[in-house]
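The structure appears below as structure tokens.
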Protein chains: 2
Amino acid sequence: MGLREKKAQRSRDRIVTEALTLFGKNGYEQTTMESIAEAAELSPSTLYRYFPSKDLIVLQRFTDYSEQFARVFAEYSLRHPVDEALAEAIFAVLEVEDSRSAETLLVRSIIDEAPIARARLWDYLAEQQRQLGKLIAQRMRAKESDLRVKLTAQLAIMIAGLAADQWRADAGKRPSRATAENLMRLFQDREVIFPRPAAKSARPRQTPNNR
Amino acid sequence: MGLREKKAQRSRDRIVTEALTLFGKNGYEQTTMESIAEAAELSPSTLYRYFPSKDLIVLQRFTDYSEQFARVFAEYSLRHPVDEALAEAIFAVLEVEDSRSAETLLVRSIIDEAPIARARLWDYLAEQQRQLGKLIAQRMRAKESDLRVKLTAQLAIMIAGLAADQWRADAGKRPSRATAENLMRLFQDREVIFPRPAAKSARPRQTPNNR
DNA sequence: TTGATTTTGATAGTAACTGTCAATTGACAT
DNA sequence: ATGTCAATTGACAGTTACTATCAAAATCAA
């Protein structure tokens, strides 16, 4: 790796670190791109070249984390069934988040208070979901447009998201892997209520999901 | 209703209509708030008083539609089990979208090309999900923080979203109710792959989900 | 070292949004 | 009808995220 790439990498990293600090101290809206540039010791022009928009700075950590997800799934699914590979990928990404708890909590708190950044995160996750859908489709030998593929991809992202939320709710005390396993068990044991059309026959039906 | 409220209502409506037309014609980014104000025959100041941000203009239709959702669910769930009430609410909101197909397709196409508006939509849906979670929690006599509650709420929104996507994909030809029913059947018949941790025992397990 | 190429920074400009205040309009009692 | 009060509107000035352009500086290849 040449000197150029090395410097670029360090600049990216420094920008994110300094920006997160400022966001945490003064709030997202109150922190200007100019002040971030100053803190990271480069010109606004250069800052914009690294991060075309303010919210991408906050999202950077997420993109770091979730690179793991796709990578682990792709590898693991070569030798194991899809459902297990998804579980592994979920565990992997959650573990990375857990291990950098201070930073993760900071980023989460920023996102909670910054509607634009939060919105961008959702959009990013939707894109991740599409990427995951591609991989799942390959592995299931189904089309990417197959509804089962989309459902599975969305479920995986959902579980990871809920586990991460839960982890944050108890301030990082409990490992999110346990929560994720719990969520998976809920599906396995059918303890989740699925939307379901009313039966058309006159005879009353069993409702194991709801009492 | 006084004259004041009436005028306000008409202004809101006019703004959205004119704005959607302009977005469709020139694109979201290319359409300035000033030009929207001009088209709706009011000053930029007033426009900003009605819609604090540009993306909210696009989202307005969605908020219209999904008021239905919560309302139908709340009513129906009084006399029917939760799973059926969710299905009814999903059908109801999809039917509204289907019935205004031209506008719905326009709004969708705008959102596809406008990252900010799209991102805001996700964020709005997340808020909807929380609202739905409250209702479901009441009905299930569970806490709002219960993971089963969150899963169910998210699943309902997910199914509605996927059905709407599908509807748009075949340009409004097929009713989205059919797609939604299909999605629900997939869950019912377990034709969806759920993430699932590998069994810890040495004995190989059955894998009905994956072959 | 030299020459080509890439990265940086200075500058100017656009448009989304905010805040303030005076003018206007609708509501309402007399 | 008319005067009074409250709410709505619009004009104006300012901030900031973001874009485009181009010359200066740093890096790479020889």
Side-chain angles (χ1 to χ4, degrees), chain A residues 1-16 18-20 22-23 25-60 110-111 113-121 123-124, chain B residues 1-16 18-20 22-23 25-60 110-111 113-121 123-124:
Chain A
M1 188 195 288
L3 176 55
R4 247 171 198 162
E5 280 178 85
K6 224 166 224 171
K7 269 183 91 168
Q9 190 55 50
R10 277 185 42 211
S11 284
R12 280 192 80 82
D13 232 61
R14 170 126 198 233
I15 290 169
V16 176
E18 302 281 1
L20 289 182
L22 288 172
F23 291 153
K25 189 156 48 180
N26 310 324
Y28 179 83
E29 301 282 356
Q30 281 65 40
T31 307
T32 68
M33 287 295 267
E34 206 180 329
S35 71
I36 296 172
E38 199 182 351
E41 289 179 295
L42 31 74
S43 75
S45 314
T46 309
L47 172 56
Y48 275 105
R49 216 163 272 121
Y50 280 99
F51 292 95
S53 75
K54 200 171 154 184
D55 41 34
L56 286 180
I57 303 178
V58 186
L59 251 59
Q60 179 63 41
I110 294 166
I111 280 184
E113 297 175 33
I116 302 158
R118 192 178 53 219
R120 283 290 185 133
L121 173 60
D123 199 43
Y124 169 74
Chain B
M1 189 195 290
L3 178 55
R4 244 170 198 163
E5 278 179 84
K6 223 165 223 170
K7 269 184 90 169
Q9 191 53 50
R10 278 185 43 211
S11 284
R12 280 192 81 82
D13 231 61
R14 171 127 197 232
I15 291 169
V16 175
E18 302 282 359
L20 289 182
L22 287 173
F23 291 153
K25 189 157 50 181
N26 310 325
Y28 179 83
E29 301 282 356
Q30 281 64 42
T31 307
T32 68
M33 287 296 266
E34 206 179 329
S35 71
I36 296 172
E38 199 182 353
E41 290 179 294
L42 31 75
S43 74
S45 313
T46 309
L47 172 57
Y48 274 106
R49 219 163 270 123
Y50 281 100
F51 292 94
S53 76
K54 198 171 155 183
D55 39 35
L56 286 180
I57 303 178
V58 186
L59 251 58
Q60 179 62 39
I110 293 166
I111 279 184
E113 296 175 33
I116 302 158
R118 193 177 54 219
R120 283 288 186 130
L121 174 59
D123 198 41
Y124 169 74

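These figures come from a predicted structure and were not determined experimentally. By convention in this document, chain letters (A, B, ...) are assigned in the order of the sequence lines, proteins followed by strands, and residues within each chain are numbered from 1.
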Send over the distance from [X] [atom1] to [N] [atom2], rounded to a whole Å.
X	N	atom1	atom2	answer
A:Arg4	D:dA25	CZ	P	16 Å
B:Arg49	C:dC17	CZ	C1'	13 Å
B:Arg120	C:dC17	CZ	C1'	12 Å
B:Glu34	D:dC12	CD	C1'	13 Å
A:Ile116	C:dA16	CD1	C1'	10 Å
B:Glu5	C:dG26	CD	P	15 Å
B:Glu29	D:dA17	CD	P	17 Å
A:Phe23	D:dA17	CZ	C1'	12 Å

Query raised in the report: If you take atom types as modelled and just measure distance, does the side chain of A:Ser45 reach the base of C:dA10 with a donor-acceptor pair under 3.5 Å?
Result: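 Pair found.
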Query - Cation-pi geometry met for A:Arg118 and A:Tyr28 (6.0 Å, 45°) - result: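 That pair does not qualify as a cation-pi contact.
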Query raised in the report: Any cation-pi pair here, A:Arg14 with A:Tyr50, using under 6.0 Å and within 45°?
Result: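 Cation-pi check for A:Arg14 and A:Tyr50: fails.
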Within less than 4.0 Å of OP1 or OP2 of [N], is there a side-chain N or O belonging to [X]?
X	N	value
A:Tyr50	C:dT8	yes
B:Thr46	D:dG10	yes
A:Lys7	C:dT7	no

Requested in this report: Could you check whether B:Ser35 gets within reach of a base, just the sugar-phosphate, or nothing at all, counting any heavy atom under 4.0 Å?
Outcome: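 If one applies the 4.0 Å heavy-atom cut-off, B:Ser35 turns out to touch nothing in the nucleic acid.
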Requested in this report: For A:Ser11, answer base if it contacts any base atom (sugar-phosphate contacts may also be present), sugar-phosphate if it contacts only those atoms, and nothing otherwise; contact means non-hydrogen atoms under 4.0 Å.
Outcome: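 Answer is nothing: A:Ser11 stays at 4.0 Å or more from every strand.
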Requested in this report: Side chain of B:Lys54 only, please: which of C:dA16, C:dT8, C:dT7 is the nearest?
Outcome: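 Nearest to the side-chain atoms of B:Lys54, counting from C-beta on, is C:dA16.
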Query raised in the report: Of B:Leu3 and B:Ser53, whose closest DNA chain C nucleotide lies nearer the 5' terminus?
Result: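 It is B:Ser53 whose nearest nucleotide is closer to the 5' end.
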Requested in this report: Rounded to the nearest 0.5 Å, what's the gap from CD on B:Gln60 to CG on B:Asp13? Could you check?
Outcome: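 CG of B:Asp13 is found 8.0 Å from CD of B:Gln60.
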Query raised in the report: Once you round to the nearest 0.5 Å, how far does CD1 of B:Ile57 lie from CG of B:Leu47?
Result: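 Going from CD1 on B:Ile57 over to CG on B:Leu47, the span is 5.0 Å.
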Query raised in the report: Counting only N and O atoms by type, is there a donor-acceptor contact under 3.5 Å from the side chain of B:Ser35 to the main-chain atoms of B:Thr31?
Result: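 Side chain of B:Ser35 to backbone of B:Thr31, a donor-acceptor pair under 3.5 Å: no, none is there.
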Query raised in the report: Pick the nucleotide of DNA chain D nearest each of A:Met33 and B:Pro44; which residue has the one closer to the 5' end?
Result: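 Result of the comparison: B:Pro44.
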